[in-house]
2 protein chains.
Amino acid sequence: MISFQEAEIRSSIIKALAHPVRLMIVDLLQSGEKQFSEINSAFQLDKSTISKHLLVLKEAGIVSSRKDGHDMIYKLEVPCVTDFFGCVTAVIENNIRRQQVCLFNP
Amino acid sequence: MISFQEAEIRSSIIKALAHPVRLMIVDLLQSGEKQFSEINSAFQLDKSTISKHLLVLKEAGIVSSRKDGHDMIYKLEVPCVTDFFGCVTAVIENNIRRQQVCLFNP
DNA sequence: TGCTTTATTGGTAAAAATACCAACTTCCCA
DNA sequence: TGGGAAGTTGGTATTTTTACCAATAAAGCA
């Protein structure tokens with residue numbers, strides 16, 4: 001079995017993705033780099049809230065940022081995070097399927 | 001972009017994996033079904049704590065359980081969760097690489 | 001039927017995560 | 001060089017998560 005320390009490192013990365021807003025940000029960045037203001041305007045949340053979500057993603061190594069004049073550009077650093085979504089979809093589909101089995105075989 | 005509701009559903013599944021103990025449990029279950037007592041004895045935690053972690057995984061649809069006499073058997077329901085680990089490893093490696101770049105190019 | 005083993009549930013205290021407002025830093029440009 | 005635009009940081013209240021202990025439920029066995 002993996003060590004607790006290894007599990008802590010892994011879970012810190014997974015935890016960074018474990019929030020709907022951060023998931024939507026990652027989804028947004030899949031189509032390429034975005035300015036902070038573009039990301040921010042996709043939500044009805046305070047800009048400081050978005051800034052902190054981006055910091056969480058950055059500290060996990062999932063996104064990176066660079067300054068460009070006034071603006072801050074954010075970029076998806078590890079494209080494979082989209083692999084997560086494939087499996088998450090599989091879990092959701094499996095859940096639906098099993099619930100149906102339950103309904104038909106109570 | 002995905003909807004907030006879709007993102008909430010996805011993040012609830014990712015959140016279930018966002019804890020070192022639950023990650024270790026999933027890792028343990030990759031080699032096959034395990035009794036509760038086997039899982040429990042892999043940790044120095046109260047059995048109620050382990051039971052609650054298993055409940056989180058179960059409610060997310062990641063594991064399932066069945067009774068066998070005295071014992072409760074837990075099983076990994078969606079093997080693809082191991083896909084997560086591949087990407088997590090990639091993130092970790094990328095983080096290490098970039099930190100080295102930093103060290104060599106300060 | 002009572003007893004024991006096995007696991008879950010209830011309750012609670014402590015820690016972590018989240019969102020907002022306000023204040024601050026940076027950077028461009030007039 | 002001072003004003004404004006763009007983001008970040010600090011501070012705080014609220015919510016969520018987590019771990020323990022104690023009590024409860026389920027199932028085989030004496």
Side-chain angles (χ1 to χ4, degrees), chain A residues 4-5 7-29 33-77, chain B residues 4-5 7-29 33-77:
Chain A
F4 187 76
Q5 276 141 323
E8 271 188 314
I9 294 169
R10 291 190 190 184
S11 74
S12 70
I13 292 165
I14 296 176
K15 204 174 289 186
L17 290 166
H19 189 283
V21 169
R22 292 196 293 268
L23 229 40
M24 288 172 81
I25 291 174
V26 168
D27 186 61
L28 207 55
L29 292 177
E33 300 185 335
K34 296 278 180 297
Q35 295 183 10
F36 175 87
S37 59
E38 289 182 81
I39 299 167
N40 184 45
S41 61
F43 301 92
Q44 279 79 52
L45 291 167
D46 194 273
K47 61 188 172 176
S48 71
T49 300
I50 299 300
S51 181
K52 281 170 185 171
H53 279 307
L54 284 163
L55 182 63
V56 171
L57 289 170
K58 203 171 139 183
E59 286 181 337
I62 295 167
V63 308
S64 60
S65 65
R66 64 188 163 80
K67 220 166 185 8
D68 176 34
H70 271 317
D71 306 320
M72 189 66 91
I73 312 284
Y74 281 91
K75 177 186 163 190
L76 193 58
E77 188 66 23
Chain B
F4 188 76
Q5 277 140 325
E8 271 188 313
I9 294 169
R10 291 190 189 183
S11 74
S12 71
I13 291 165
I14 296 176
K15 204 174 290 184
L17 289 166
H19 189 283
V21 169
R22 292 196 292 269
L23 228 40
M24 289 172 81
I25 291 174
V26 168
D27 187 62
L28 207 56
L29 292 177
E33 299 186 335
K34 296 277 179 297
Q35 295 183 11
F36 173 86
S37 60
E38 289 181 81
I39 299 167
N40 184 45
S41 61
F43 301 92
Q44 279 78 52
L45 291 167
D46 194 273
K47 61 188 170 174
S48 70
T49 300
I50 300 300
S51 182
K52 280 169 184 172
H53 280 306
L54 284 164
L55 183 62
V56 171
L57 289 170
K58 204 171 138 184
E59 286 180 337
I62 295 166
V63 308
S64 60
S65 65
R66 63 187 165 80
K67 220 169 187 6
D68 175 34
H70 273 315
D71 307 318
M72 190 66 93
I73 313 284
Y74 280 90
K75 178 187 162 189
L76 192 57
E77 187 66 22

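Only a predicted model underlies this, so the values are computations on that prediction, with no experimental measurement involved. Below, chains carry the letters A, B, ... as their sequence lines are ordered, and counting in each starts from 1.
- Using a 4.0 Å heavy-atom criterion, one finds that A/Phe43 contacts no nucleic acid atom at all.
- Residues meeting the side chain to side chain donor-acceptor pair (under 3.5 Å) test with B/Ser64, sequence neighbours left out: B/Glu77.
- In this structure, the CG atom of B/Asp71 is 9 Å from the C1' atom of C/dT5, given to the nearest Å.
- Shown here are the salt bridge (Lys or Arg N to Asp or Glu O under 4.0 Å) partners of A/Arg22, two or more places apart in sequence or in another chain: there are none.
- The separation between B/Asn40 atom CG and C/dT5 atom P is 16 Å, rounded to whole Å.
- Remark: B/Glu8 pairs with no residue by the salt bridge (Lys or Arg N to Asp or Glu O under 4.0 Å) rule, at least two apart or across chains.
- Applying the salt bridge (Lys or Arg N to Asp or Glu O under 4.0 Å) definition to pairs two or more places apart or across chains, none involves residues 34-61 of chain A.
- From the 5' end on, the contacts that DNA chain D makes with chain A at under 4.0 Å to a non-hydrogen atom open and close at D/dG4 to D/dG11.
- Among pairs with a residue in residues 62-74 of chain A, those fulfilling salt bridge (Lys or Arg N to Asp or Glu O under 4.0 Å) read A/Glu33-A/Arg66, at least two apart in sequence or across chains.
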*Could you encode protein contacts along nucleotides 17-30 of chain C as a string, one character per nucleotide from 5' to 3', using B for base contact, S for sugar-phosphate-only contact and - for no contact, with a heavy-atom cut-off of under 4.0 Å?*
SSSBBB----BS--

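- Within the 4.5 Å cutoff, the side chain of B/Ser65 has heavy atoms near those of the B/Met72 side chain.
- Listed by first and then second residue, the ring pair (Phe, Tyr, Trp, His ring centres under 6.0 Å) pairs that reach into residues 55-76 of chain A come to none, sequence neighbours excluded.
- The side-chain contact (heavy atoms from CB on, under 4.5 Å) test applied to A/Ser12 returns no partner, not counting sequence neighbours.
- Atoms CD (B/Glu59) and P (C/dT8) sit 12 Å apart, rounded to a whole Å.
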